[in-house]
Amino acid sequence: MFGWSGMAEDRASFLKAYINSHELDRDDVLFYTYWFHITTVALGRILKNTKLVSRAHRFDLYDEELPSPHSSWKCLGVRIGCLSLFLFPKDGYHYLSENYPGYKEKV
């Protein structure tokens with residue numbers, strides 16, 4: 001867990017510097033991540049309620065594909081600012097709805 005937390009913090013620092021150096025208006029930009037992984041968590045940490053959308057495919061969706069403590073980052077990523085999560089394949093919606101029902105409205 002410490003390793004993941006450190007990587008997310010490093011990524012958040014990099015992204016914050018990038019956003020600031022390019023003078024991106026956080027209210028005007030839609031941020032998108034292809035995988036629901038560390039970058040999504042990092043963006044969620046620094047953006048708070050800004051527009052953040054992510055996709056989830058397999059390893060970043062199903063708990064059995066990526067063992068603990070990594071699965072806990074899915075919940076954290078959705079909770080800390082992800083506006084929407086697009087799931088591929090379609091059965092991902094059912095999986096997330098059953099296992100993380102509190103986030104169903106974001107999917």
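Given the structure is predicted, the values throughout are model-derived calculations rather than measurements.
- Judged purely by atom type and a 3.5 angstrom limit, Asp25 has no side-chain atom pairing as donor or acceptor with the backbone of Glu23.
- Atom OH of Tyr32 and atom OG1 of Thr39 lie 12.5 Å apart (nearest 0.5 Å).
- Between Ala8 and Val41 the shortest heavy-atom distance is CB-CG1, 4.3 Å.
- For His57 and Phe36, the distance between ring centers is not under 6.0 angstrom.
- In this structure, CH2 in Trp35 is found 10.5 Å from OG in Ser54, a value given to the nearest 0.5 Å.
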Report task. Determine, stepwise, if the pair Tyr62 / Asp91 fulfils side chain to side chain donor-acceptor pair (under 3.5 Å). Result -> CA-CA 11 Å; Tyr62 300 104; Asp91 68 308; 3.1 Å; yes
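- The two residues Ile38 and Met7 come nearest to each other via the heavy atoms CD1-CE, 3.3 Å.
- With contacts defined as side-chain heavy-atom distances shorter than 4.5 Å, the pair Tyr95/Leu61 qualifies.
- Considering all non-hydrogen atoms of both residues, Ala42 and Ala12 come closest at CB-N, 3.5 Å.
- Across all non-hydrogen atoms, the minimal contact from Phe59 to His37 is CE1-CD2, 3.3 Å.
- Under the 4.5 Å side-chain criterion, counting only non-hydrogen atoms from C-beta, Ile19 is in contact with Phe31.
- Side-chain contact check for Asp60 versus Thr40: every heavy-atom pair is 4.5 Å or farther apart.
- Smallest separation of non-hydrogen atoms from Val29 and Leu24: CG2-CB, 4.3 Å.
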